[in-house]
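Below you'll find the structure, written out as structure tokens, and then a few comments.
Throughout, protein chains are lettered first and strands after them, A, B, ... in sequence-line order, and every chain is numbered starting at 1. Side chains are part of it too, since the values below use all heavy atoms of this structure and drop only hydrogens, waters and symmetry mates. Quick caveat, the model's predicted, so the values are computed rather than measured.
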Number of protein chains: 2
Amino acid sequence: MKIGDIAKRTGLKVETVRFYEGEGLIAAPRRSGGNYRLYDESHLDRLTFIKRSRDLGFTLDQVRDLLRLADDPRGSCDAVDEMAVLHIAEIDHKLAGLQTLREEIVKWGRCDATTIAECRLIDALSSRLP
Amino acid sequence: MKIGDIAKRTGLKVETVRFYEGEGLIAAPRRSGGNYRLYDESHLDRLTFIKRSRDLGFTLDQVRDLLRLADDPRGSCDAVDEMAVLHIAEIDHKLAGLQTLREEIVKWGRCDATTIAECRLIDALSSRLP
DNA sequence: CTTGACCCTCTAGTGACATGAGGGTGCATA
DNA sequence: TATGCACCCTCATGTCACTAGAGGGTCAAG
């Protein structure tokens, strides 16, 4: 598999795959005569793991941790569990923040004024902080 | 007002205030004999506006637009309105994404396995993409 | 007169890539 | 054989919105 193929199969961009290699998240693959990267199924598995973890919102550092844990089949599952729980807490925090924010904006309602001078949105933004 | 005072009153960090000046979001204030920045109420207003906009999730470029609009009291309010609507749409998109993500993680349930080899979380992450 | 809180400029780092320059490879078609 | 085209390579730099640090200066209180 060339880098374009594996990118397509994982849903990553070509540049991102190279970036992950530079970051040490995946091993450098062998090269073709023309110096092209050649990947096999093990790379596909690893990149899939990374892609899914990233899609779930884990940072690259967290992905590094998950990979280390996943690489030891006899290790304990507890650490993974803990990461998931913490991650959910973070997501809930973000959800709450976005909800509040949405309500804030909706609260302005549609601005029926015609000029900026009477615009409620601009008004709300201009008001001094409490 | 010195930079520390205005930072406290706006809820911004000192470095952020200087950063906004460098970015041209606020005018450079006059200086004291000792080369300290000295701010007045107009700076306070503008920084408050920026801070509130940022808290609501607008990017600095959007803040720039909002400032330009706010600076013309006779201008039309429509553009501001449109930005708010677009912004809400973006927020809804993010909310939906986070919800899905949360469900994904919760779906794994608590991992009652003891070793990584049986861990459902690791399993879910390893599975090939559809 | 010294201490400590505050201020200054300038540079570099963060996360997770994206973009572009300037070139090489490999295969099909004219 | 030449040529076009899609794909690949490395290396450098840009993105966003700050944040941190080095190395210094200012100012009021005790």
Integer-rounded Å distance: dC18(D) P and Lys51(B) NZ: 9 Å
Nearest to side-chain heavy atoms of Ile3(B), which nucleotide of dC8(C), dA16(C), dG26(C): dC8(C)
Salt-bridge criterion met for Asp72(B) and Arg68(B) (N-O under 4.0 Å): no
Rounded interatomic separation in angstrom, taking CZ from Arg30(B) and P from dC7(C): 15 Å
Tyr36(A), nearest nucleotide to its side chain (from dC18(D), dC8(D), dT19(D)): dC8(D)
Interatomic distance, Glu21(A) CD vs dC17(C) P [rounded to whole Å]: 15 Å
Rounded interatomic separation in angstrom, taking NZ from Lys2(B) and C1' from dT26(D): 9 Å
Under 4.0 angstrom between Lys13(B) side-chain N/O and dA17(D) OP1 or OP2: no
Interatomic distance, Glu23(A) CD vs dA18(C) P [rounded to whole Å]: 13 Å
Arg31(A) side chain, from C-beta outward: closest of dC7(C), dT10(D), dC16(D): dT10(D)
Nearest-neighbour nucleotide for the Thr59(B) side chain, dT19(C), dA17(D), dT19(D) considered: dA17(D)
Sequence neighbours excluded - side-chain hydrogen bond (donor to acceptor under 3.5 Å, both in side chains) pairs with any residue from residues 15-26 of chain B: Glu21(B)-Arg37(B)
Distance below 4.0 Å between Arg37(A) side-chain N/O and dT10(D) OP1 or OP2: yes
Closest to the Glu15(B) side chain, choosing from dA17(D), dC7(C), dT19(D): dT19(D)
Sugar-phosphate, base or nothing in reach of Arg18(B), heavy atoms under 4.0 Å: base
Residue mapping more 5' on DNA chain D - nearest nucleotide basis, Asp61(B) or Asn35(B): Asp61(B)
Interatomic spacing from CG in Leu44(A) to CZ in Arg46(A) - rounded to 0.5 Å: 13.0 Å
Gap between atoms CG and P, on Leu38(A) and dT25(C) respectively (whole Å): 14 Å
Tyr39(B) versus Ile6(B), closest heavy-atom pair with distance: CB-CD1, 3.5 Å
Rounded distance in Å - CE (Met1(B)) to P (dC6(C)): 17 Å
Side-chain N,O (Arg64(A)) to OP1/OP2 (dA16(C)) below 4.0 Å: no
Pairwise 5' ranking along DNA chain C for Gly33(A) and Tyr20(A), keeping only the more 5' one: Tyr20(A)
5' priority, DNA chain D, between Ser32(B) and Gly34(A) [closest heavy atom]: Gly34(A)
Test: Asp61(B) and Arg64(B) ion pair at under 4.0 Å: yes
Phosphate-side-chain proximity, Thr16(B) and dT19(D), N/O vs OP1/OP2 below 4.0 Å: yes
Minimum-distance nucleotide to Leu60(B) side chain [options: dT26(D), dC8(D), dA17(D)]: dA17(D)
Gap between atoms CD and P, on Gln62(B) and dA17(D) respectively (whole Å): 9 Å
Polar side chain donor-acceptor pair, Asp40(B) to Ser42(B), under 3.5 angstrom: yes
